[in-house]
Each structure stands twice: as C-alpha cells, then as structure tokens.
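Chain naming here is simple, since letters A, B, ... match the order of the sequence lines and numbering starts at 1 in each. Bear in mind that the values here come from a model prediction, so they are computed numbers and not experimental data.
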2 protein chains.
Amino acid sequence: MAPLPAKPAMKDRILETADRLFYLQGIRAVGVDTIAAEIGISKRTLYNHFPSKDALISAYLARRFVAPRASDKSPVEQILGTFDSLERRFSHKDFRGCPFVNAVAELGEDRSVRKVAVAFKESRRLRFRDLLVQLGVANAEALATQLALLVDGSIAQDLVRNDPAMARAAKEAATVLLRNAGVKVGESSAAEKAQRSRKRAT
Amino acid sequence: MAPLPAKPAMKDRILETADRLFYLQGIRAVGVDTIAAEIGISKRTLYNHFPSKDALISAYLARRFVAPRASDKSPVEQILGTFDSLERRFSHKDFRGCPFVNAVAELGEDRSVRKVAVAFKESRRLRFRDLLVQLGVANAEALATQLALLVDGSIAQDLVRNDPAMARAAKEAATVLLRNAGVKVGESSAAEKAQRSRKRAT
DNA sequence: GCCTAGTTACACAGGTCTGTGTACCCATTT
DNA sequence: AAATGGGTACACAGACCTGTGTAACTAGGC
C-alpha cells in the first residue's frame, strides 16, 4: 500500500496559513479558530492534523528553518549577497523581522523554542564561517560572529523602522570588516569609495 | 494646596511591577490580575491608577525610554563603553533583549508602540552620531547607523543565545569600523592585536 | 451497493482575559 | 464628629482561548 500520494494537501494548507498568520500577527495573537476560519475548515479538522497549538507552533518554526541551498557564486559574493537578499526582503511589505527572535521574544522561557532559535542562528553563523575559511581568513570564527551580528542588527532595525537601507548599511560595514581581514572585495559602491578616500586623506 | 507630597507611591509601585513582568514574561503573557496580585493590591486599585492595560503598556515603554546621561569620558570611550555596558547587562540573568523590539515583535502593527520604538532607536543612533562628529569623522551619519546595527545585533543574538560574548564581538567589530574611519583607538584587546598582526602578514 | 477515511457542524467544558459595579473600610483632615 | 479620598473585597459581564465529544455527511475504493 503506497502511502497516499496526493493526500497531505490539507495539513500543508493548515501549516501554510498558520505560518502566515503567526509571522504577521504574532503567535499569541492568533488563535486556532482564526486559522481554521481563514482556510474555511472546521476547528475539528485542524485538531485532527495537529494535536495541539504547541505542535502547530513547533511545525511553524521547523518550516521556517530552511537550510541554505548551495551556490556556485564566489564566497565573497555569497557573503555580501546575503545583505542584498536581506534588502529585498526588507522591501517586501510582509517582512516582520526574524521569526525565531520574535518567537523567543513573545514566548519567553520556552525551552524548545529557544533551542530551535539557537540552532538557526548558529547555522547561519557556520555558513559564514565556512565561506570565510574558503577565503583563507585566519580568524574565521570571530569574523563570522561579527557578520551574523550585522545581519541580526539590520533585521531588528528594519523591524522597527521599516527601512530597507539598514541592509545596505550592514553590507557596507561587512565590506569594511572583510577588507580588514585581508579579503579582496571588488564592486565597491559609491559610499564605500567615499569612505576609503576619506581614510587615505587622514 | 500643595499637590500631595509623599502620595504617588502606589502608581509607581504598579508601574515598576508591570515593567518587570512585561519585560521578563512578555506583554501579552502578563494579565492585569497578575500584576495586581504580585503587588498585593486589588485589581480595582490598579484600574483606579491606569484607565486600561494599553495605558499601562504605554507608561511601561515611556519609562524604558531613558535619555542617556552626559558623560565626562572621551567620545571614543563612550562609544566603546556602550558595548562594555551591554556585556554587563547581558551577563545579568534578567536581561531579555530590547523591550522596544520585543514590544514591536509581539504587538505587531500597533502604531504608538512602533512610534516610540523608532524614537528610541533613533535617539541612540543620534548619540553615536554626535560623538563621531566630536571625533571629526566625516561620514558620521553612516557610521552611527552601522554602530547601531552592531548594538541591536548583539542584543538579538544574546536574547536567543544568552551569550555575553556577543557584546565583545560587537565591540571588536566597532573598533575595526572606527579605525577604518580614521579614529585613533587605544586599548586594544588581545583579539584585536591578533587580527591586526594577521592583516600585516597578508 | 457498501465501507472507510476525512471532513463538517455544533455544542460545550473549563480556563483566562479586560474592565466595571458596588458596598465597605479606614485614616487623615477639617 | 463628619466628610473625604484612597484602598479592599468580591461578584460579574462579555469576550476569547484551547481542546473535546458527537453525530452526520461525502467521496473514492472495493
């Protein structure tokens, strides 16, 4: 008996809707009734697929934890491209910060939530670290942490300010940090050029 | 008729308690009953001092918005001292991130909350900018934004990781950015020295 | 035609939340 | 002694929340 092929549509629909509402309005702010009503199903059906709201929350966070796909671009392009991609996401009106940080902020001391949030942050830091190692940077660990700080800083700032320029500011800071670590970075923006000429003049 | 001199104790007690519980457990997670019970007063008394929970939330955020006090230290010490002070706060077990970011995260599209959060973030950025101007840094605006990113990034990272070292990482990144802008920074830590010697070797 | 699995409608239990209404108490002032 | 202001005790309205129980419906596979 092949495991029913086209059947798990409902569970996905529930999860997709929960994801959207949790992320946009907050986890505590969205009730299961609201999710069911949004899809047009009965609350009973929802509870037939997820045993509790907690299970739905866990599935939501697990779904947000997507592993970064491999890329054929150069390590430097991948690192700086992270900030370009952030800027695009900031410009989207539905961007509301990091779902993991938000979940920790509103669910407080919940152990499992914190655990997945830490795992997510660490996975991004490790991706930076690996790229830096490829570039031959000596202290890749410390620099990767600093790049991760810039990512989360720009996300937090955009969450309150709704200003995609925060991603560009982070990218410029990241460029300075990379150059300081001996990485050759091409494609310098006007702002960066101004910064460097200023430095020469000093 | 002098306005009752020693009387506003109760209102302050309510606000102090609300502040503590809101910050530690989240605003939505704490009910007015809980706050009243914690102080040992009746819920009626609480509502005699604040017309609604929303008013209490506003007062909580206003109370957190403390203007930075003047300092006699040098601008560089003030800027880098920000990160030392962050590290101390991270080490305290009751640190739970930035109250404004957390409030925006859990209250979502609330206009007034977003407004005060933006004002707070901007006030810190302007403080950095003024200090950088005192240092004669040319592009103080952009650098101040970058320093603010490091602050918020380390706060977000510590919120999920509970790792005060995030503040030190931010400080090292800030040091690099300052030096890159032509600022003379003394007192270099071991990590920074290593970073510079590595750079020379490249 | 029949069986089964998924879905539905709907009521309800039991809890929490914000906010109000009411009557009383007690201390200080006048 | 009387009045006033602040606090207390307590019930309650009305909303919303999570989660369950139950009986009926419906579509596809046999």
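Note that the CG atom of Leu46(B) and the CD1 atom of Ile35(B) stand 6.0 Å from one another [nearest 0.5 Å].
Between the NZ atom of Lys11(A) and the P atom of dG6(C) there is a distance of 12 Å, rounded to whole Å. In this structure, CE of Met10(A) is placed 17 Å from P of dA5(C), rounded to the nearest angstrom. Rounded to an integer number of Å, the gap from Arg13(A) CZ to dT7(C) C1' is 11 Å. Atom P of nucleotide dT20(C) and atom CZ of Phe50(B) are separated by 15 Å, given to the nearest angstrom. At whole-Å resolution of the value, NE2 in His49(B) and P in dG5(D) are 14 Å apart.
In the region residues 14-23 of chain B, proximity to DNA chain C at under 4.0 angstrom, judged on heavy atoms, holds for none of the residues. Within residues 102-112 of chain B, no residue has a heavy atom under 4.0 Å from DNA chain D.
Under 4.0 Å is where a charged nitrogen must lie from a carboxylate oxygen, and between Arg125(A) and Glu141(A) at least one such pair does.
Scanning for side chain to side chain donor-acceptor pair (under 3.5 Å) contacts around Ser42(B) gives Thr45(B), with sequence neighbours left out. Checked against side chain to side chain donor-acceptor pair (under 3.5 Å), Ser123(A) has no partners two or more places apart in sequence or in another chain. Under the salt bridge (charged side-chain N to carboxylate O under 4.0 Å, His left out) criterion, Glu77(A) pairs with no residue, sequence neighbours left out. For Glu38(B), the salt bridge (charged side-chain N to carboxylate O under 4.0 Å, His left out) test picks out Arg20(B), with sequence neighbours left out. With sequence neighbours excluded, the residues forming a salt bridge (charged side-chain N to carboxylate O under 4.0 Å, His left out) with Lys121(B) are Asp152(B), listed by chain and number. Every residue meeting the salt bridge (charged side-chain N to carboxylate O under 4.0 Å, His left out) condition with Arg64(A), not counting sequence neighbours, appears here in chain and number order: Asp19(A).
Sorted by first and then second residue, the pairs that involve residues 107-120 of chain B and meet salt bridge (charged side-chain N to carboxylate O under 4.0 Å, His left out), not counting sequence neighbours, are Arg96(A)-Glu109(B).
Counting heavy atoms from C-beta outward, Asn48(B) and Arg44(B) have side chains that approach closer than 4.5 Å.
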For residues 54-62 of chain B, which side-chain N or O atoms pair as donor and acceptor with protein atoms under 3.5 Å away, sequence neighbours left out?
residue, atom, partner, partner atom, Å
Ser58(B), OG, Asp54(B), O, 3.2

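Ring geometry, Phe100(A) versus Phe120(A): the interplanar angle falls under 30°, so the pair is classed parallel (tilted spans 30 to 60°).
Proximity of a side-chain donor or acceptor of Lys73(A) to a complementary backbone N or O of Gly81(A) within less than 3.5 Å is not detected.
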Could you go through nucleotides 21-28 of chain C and list every protein N or O atom that sits under 3.5 Å from one of its N or O atoms, giving the distance for each pair?
residue, atom, partner, partner atom, Å
dG21(C), N7, Arg44(B), NE, 3.1
dG21(C), O6, Arg44(B), NE, 3.3

When every nucleotide of nucleotides 14-19 of chain C is labelled 5' to 3' by its protein contacts under 4.0 Å (heavy atoms), B for base, S for sugar-phosphate only, - for none, what sequence of letters results? ----BB
